[in-house]
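These notes concern the structure reproduced below.
Every chain is numbered from 1 and lettered A, B, ... according to where its sequence line falls, protein lines coming before strand lines. Nothing here was measured: the structure is a model prediction, and the numbers come from that model.
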There are 2 protein chains.
Amino acid sequence: MNIGEASARSGVSAKMIRYYESIGLIEPPSRSAAQYRVYADDDVHTLRFVRRARDLGFSLEETRALLALWRDRGRASADVKKLAMAHINELEAKAAALKAMADTLRHLAAHCHGDHRPDCPILSDFAAATPARGKG
Amino acid sequence: MNIGEASARSGVSAKMIRYYESIGLIEPPSRSAAQYRVYADDDVHTLRFVRRARDLGFSLEETRALLALWRDRGRASADVKKLAMAHINELEAKAAALKAMADTLRHLAAHCHGDHRPDCPILSDFAAATPARGKG
DNA sequence: TATGGGGCTTCCCATCATGGGAAGGTCAAG
DNA sequence: CTTGACCTTCCCATGATGGGAAGCCCCATA
């Protein structure tokens with residue numbers, strides 16, 4: 001199949017498929033006489049794997065490691081789990097950071113009248129901000 | 001003061017101060033005879049405001065809007081609150097998305113032995129993934 | 001006064017993952 | 001043979017930031 005069909009079947013854009021190939025994440029497929037990329041079902045399988053990893057927030061480099069583990073039938077599941085757990089921690093740390101921002105902002109917004117008056121504790125807080133020294 | 005001191009006082013790198021100036025987020029400061037940027041205390045104030053907004057996850061474009069509101073003494077606090085609330089929603093949506101990824105992955109990892117054996121439901125799930133069609 | 005080191009200037013490049021689009025070749029259907 | 005959809009490669013853009021080179025400037029010290 002051509003790249004368009006591989007894209008449709010895998011959920012990875014043609015643009016990205018070419019890019020993944022260029023950075024060596026996936027193998028270059030064979031080519032037709034006219035230099036069209038020709039994919040097999042197995043390639044679609046790989047692309048779906050990549051898509052799933054990306055959807056779960058793994059970077060392309062992490063995905064590369066996962067692919068290697070996937071292809072290595074003899075690897076210990078501990079290796080996979082270790083990578084996954086590390087990623088889970090990253091994800092949760094990022095989520096917590098975003099949540100902390102939201103909470104701070106929500107706190108400030110709670111004290112903002114939100115009417116026609118100009119006074120606003122949100123902007124006041126921003127204006128009073130000091131870098132890495134607390135509110136001294 | 002020179003850019004180095006403004007940077008130290010505001011917590012914004014010199015690199016970023018120049019960048020913010022280049023995109024019109026902050027006003028170009030006056031220059032010394034040798035073309036050095038010369039900042040006043042007020043400029044540091046503005047830089048701290050930007051820093052605070054960035055720390056709370058506002059994009060530079062959102063920060064630009066906040067700066068405009070800050071400088072507009074007559075604005076209604078409702079305008080600020082509206083912008084803030086929208087941002088809070090974005091932050092929480094992103095946090096929820098990250099948390100969902102972590103939960104999915106944690107669920108998969110819970111069923112992974114994590115020992116010397118090669119079987120791993122994490123990779124199995126990835127390999128079985130299908131794009132936007134459920135698990136058919 | 002000469003020198004050295006640190007700060008400043010501009011300019012270009014890299015990141016990460018992705019999309020847009022141009023210029024041109026190819027294929028299948030009419 | 002034309003038309004239109006597809007493919008190719010190549011370059012550019014995003015958002016926010018950092019790295020670093022080449023060259024000028026300023027101050028302190030010898």
Are the side chains of [Y] and [X] in contact, using a 4.5 Å heavy-atom criterion?
X	Y	answer
A/Glu92	B/Arg106	yes
B/Arg54	B/Leu60	yes
B/Asp43	B/Ile26	no
A/Arg75	B/Leu123	yes
A/Val38	A/Pro29	no
A/Lys94	B/Lys94	no

Practice task
Indicate yes or no: does B/Glu61 engage B/Arg64 in a salt bridge with an N to O separation below 4.0 Å.
Solution key: yes
Handout entry: Pair A/Asp115 + B/Lys81, salt bridge at N-O below 4.0 Å
Key =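 Looking at B/Lys81 together with A/Asp115, the answer is no, because their closest N to O distance does not fall below 4.0 Å.
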Nearest listed nucleotide, side chain of [X], among [options]:
X	options	answer
A/Tyr20	D/dG19, C/dT18, C/dG19	C/dT18
B/Ile3	D/dT8, D/dG19, C/dC8	C/dC8
B/Tyr19	D/dG18, C/dG21, D/dA16	D/dA16

Practice task
Can you sort out which residues in residues 26-47 of chain B have a heavy atom within less than 4.0 Å of DNA chain D? Ascending by number, please.
Solution key: B/Ala34, B/Tyr36
Exercise for the section: Please list residues of residues 57-69 of chain A whose heavy atoms come under 4.0 Å from any atom in DNA chain C, ordered by number; otherwise none. Expected result: A/Ser59, A/Leu60
Write down the distance between [atom1] ([X]) and [atom2] ([N]), rounded to a whole number of angstrom.
X	N	atom1	atom2	result
B/Arg51	D/dT17	CZ	C1'	13 Å
A/Met1	C/dC27	CE	P	18 Å
A/Asn2	D/dG4	CG	P	21 Å
A/Lys15	C/dA22	NZ	C1'	10 Å
A/Ile17	C/dA17	CD1	P	17 Å

Problem - Under-4.0 Å side-chain N/O to phosphate OP1/OP2 contact, B/Arg18 with C/dC11 - result: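 Answer no for this pair, as no side-chain N or O of B/Arg18 is under 4.0 Å from OP1 or OP2.
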Handout entry: Phosphate OP1/OP2 of D/dT17 contacted by B/Ser13 side-chain N/O (<4.0 Å)
Key =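 For B/Ser13, the contact criterion (side-chain N or O under 4.0 Å from OP1 or OP2 of D/dT17) is not met.
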Problem - Whether B/Phe126 and A/Phe58 hold their rings parallel, tilted or perpendicular, with breakpoints at 30° and 60° - result: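 Ring orientation, 0 to 90° scale: perpendicular.
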Handout entry: Nearest-0.5 Å distance, CG of residue B/Leu56 to CZ of residue B/Arg51
Key =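 If I round to the nearest 0.5 Å, the distance is 10.5 Å.
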Problem - Angle of first-five versus last-five pair axes in the helix from C/dT1-D/dA30 to C/dG30-D/dC1, to 10 degrees - result: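 The angle, to the nearest 10 degrees, is 30°.
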Practice task
Examine B/Trp70 together with B/Phe49 and report whether their ring centres are nearer than 6.0 Å.
Solution key: yes
